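What follows is a short report on a single structure.
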Amino acid sequence: MDSSDVERSFQVSPEIERFLCERLLDQNQPISERFKVLFSLRNLRGAAPAMRLSRYMTSTRDTSNLLAHEAAFALGQMQDAEAIPALETVLNDLSLHPIVRHEAAEALGAIGLERNVPLLKNSLASDPAQEVRETCELALSRIEELKNMSISKSSPFLSVDPAAPATCSSVRELREILLNEEKSMYERYAALFALRNLGEEEAISAIVESLGANSALLRHELNAGCLCLGPTAEQESFRCTFLVLRDVKEHPMVRHEVAEALGSIAGPASVYSLTRMFKEVEFAKDPEPIVSQSCEVALSMLDFERSGKSFEVIEHKKDFRVCEL
């Protein structure tokens with residue numbers, strides 16, 4: 001755990017922890033409320049939160065694929081090796097939605113241990129979903145990269161990224177790699193994160209230019225990379241991503257990522273468009289719950305971000321009483 005993780009994380013009593021887990025499991029709660037609980041659990045110190053999330057992943061067949069996928073993501077961000085058996089179970093369960101298996105594979109790559117290599121190679125060879133196989137390829141490359149270099153430097157976005165940013169600082173070269181369909185997924189991801197970290201106008205333009213990539217996996221990361229830059233990228237990228245969110249033919253993984261990224265911007269255009277999308281008949285009847293639930297969560301995130309509050313049930317490094325939650 002690096003200094004940024006320590007800054008974000010804190011401890012609570014076992015009673016509060018149990019309360020959060022019960023709220024997470026309560027499928028009668030609004031999806032946005034359950035997401036807030038999940039975000040809180042992710043930031044708790046100690047082994048117990050990861051253990052509880054692992055149990056949730058393996059013992060609960062949640063009706064929300066979106067929440068199950070986010071739980072797998074949280075386990076990867078926590079980088080707790082005790083979560084590996086649960087993630088392996090999820091990765092091998094072909095009855096689960098591909099977006100959930102994809103996130104389990106990415107989490108195994110984020111944990112980064114050599115023991116995860118056989119698990120990922122098995123799914124790379126056998127999983128029927130392209131996005132899952134590509135994620136396994138990406139995770140295997142990250143684990144291999146960890147042998148040769150340190151990826152310990154924290155991301156400016158406080159995340160454990162699927163690939164280390166490319167060391168090249170030339171936007172032109174990074175753009176060429178990102179647009180090159182012949183390059184490996186890891187190389188293109190590395191170029192994307194390097195461009196994201198640069199954050200300058202030319203780098204943003206390069207990301208926007210590559211939004212039509214053949215891979216749905218890469219497209220979902222590109223849209224998130226574009227929008228996580230916030231107001232700097234909003235005007236140039238917003239029109240493209242707005243169209244992606246409305247495109248019912250686009251992969252749910254991509255549309256979900258757009259909605260979630262829009263929710264993190266907290267800009268006026270995001271609020272207006274997401275609200276409008278909910279009110280429009282075609283969106284209200286969207287056949288993909290991953291997308292409609294993502295927009296519900298995004299709207300809640302926007303409300304919290306604009307009010308200056310954290311999108312968590314527990315917002316501070318102190319032990320709240322259950323009644324205060």
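All values reported here derive from a predicted model rather than from experimental measurement.
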Spacing of [X] atom [atom1] and [Y] atom [atom2] [to the nearest 0.5 Å]:
X: D127; Y: L94; atom1: CG; atom2: CG; value: 5.5 Å
X: E209; Y: L178; atom1: CD; atom2: CG; value: 9.0 Å
X: S54; Y: I84; atom1: OG; atom2: CD1; value: 10.0 Å
X: L66; Y: I99; atom1: CG; atom2: CD1; value: 6.5 Å
X: L87; Y: E82; atom1: CG; atom2: CD; value: 11.5 Å
X: M185; Y: E221; atom1: CE; atom2: CD; value: 10.5 Å

What side-chain donor-acceptor pairs closer than 3.5 Å can you find for residues 112-123, not counting sequence neighbours?
| residue | atom | partner | partner atom | Å |
| --- | --- | --- | --- | --- |
| E114 | OE1 | K147 | NZ | 3.3 |
| N116 | ND2 | L108 | O | 2.9 |

Tell me, with the steps shown, if D93 and R61 meet side-chain contact (heavy atoms from CB on, under 4.5 Å).
CA-CA 11 Å; D93 188 347; R61 183 53 65 102; 2.8 Å; yes

Please answer: with hydrophobic residues joined when any side-chain heavy atoms are less than 4.5 Å apart, are [X] and [Y] in the same cluster?
X: L179; Y: V208; answer: no
X: L53; Y: F73; answer: no
X: V171; Y: I177; answer: no

Heavy atoms, side chains only, cut-off 4.5 Å: are [X] and [Y] in contact?
X: Q130; Y: P98; answer: no
X: C21; Y: R18; answer: no
X: R175; Y: I207; answer: no
X: F35; Y: L24; answer: no
X: E260; Y: V297; answer: no
X: L245; Y: C295; answer: yes
X: E137; Y: L124; answer: yes

Strictly distance-based, threshold 3.5 Å: is any side-chain N or O of [X] a donor or acceptor partner for the main-chain N or O of [Y]?
X: E187; Y: S184; result: yes
X: S300; Y: E296; result: no
X: R133; Y: A125; result: no
X: R219; Y: V254; result: no
X: R42; Y: A74; result: no
X: R142; Y: D161; result: yes

Salt bridge between D247 and R255, side-chain N to carboxylate O under 4.0 Å?
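A salt bridge is absent here (no side-chain N lies under 4.0 Å from a carboxylate O).
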
Determine, for R23 against E33, whether the closest basic-nitrogen to carboxylate-oxygen distance falls under 4.0 angstrom.
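E33 and R23: salt-bridged.
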
Ignoring hydrogens, what is the shortest heavy-atom contact between [X] and [Y]? Give both atom names and the distance.
X: Q79; Y: I111; result: CA-CG1, 3.9 Å
X: C168; Y: S170; result: SG-N, 3.3 Å
X: A104; Y: A72; result: N-CB, 3.9 Å
X: Y186; Y: A164; result: OH-N, 3.2 Å
X: P252; Y: I290; result: O-CG2, 4.2 Å
X: L96; Y: R101; result: O-NH1, 2.6 Å

Near Q27 CD, under 6.0 Å, is it more than 12 heavy atoms from other residues, nucleotides or ligands?
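Yes, because the 6.0 Å sphere around CD of Q27 holds more than 12 heavy atoms from other groups.
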
Can you name the one residue among L91, D62, V90 that meets side-chain contact (heavy atoms from CB on, under 4.5 Å) with V100?
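Among L91, D62, V90, the one meeting side-chain contact (heavy atoms from CB on, under 4.5 Å) with V100 is V90.
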
Any chance the rings of H97 and H102 have centres within less than 6.0 Å?
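When the ring centroids of H97 and H102 are compared, they turn out to be at least 6.0 Å apart.
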
What residues, two or more places apart in sequence or in another chain, satisfy side chain to side chain donor-acceptor pair (under 3.5 Å) together with E131?
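Scan of E131 (side chain to side chain donor-acceptor pair (under 3.5 Å), adjacent residues dropped) gives H251.
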
Non-neighbouring partners of F193 that pass ring pair (Phe, Tyr, Trp, His ring centres under 6.0 Å), sequence neighbours left out:
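Applying ring pair (Phe, Tyr, Trp, His ring centres under 6.0 Å) to F193 gives Y189.
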
Going through the checks in order, is the ring-ring contact (aromatic ring centres under 6.0 Å, His included) test met by H256 and H69?
CA-CA 11 Å; H256 137 72; H69 127 284; 4.7 Å; yes

Would you tell me whether E134 and S215 have side-chain atoms, one donor and one acceptor, within less than 3.5 Å of each other?
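Judged by distance alone, the side chains do pair up.
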
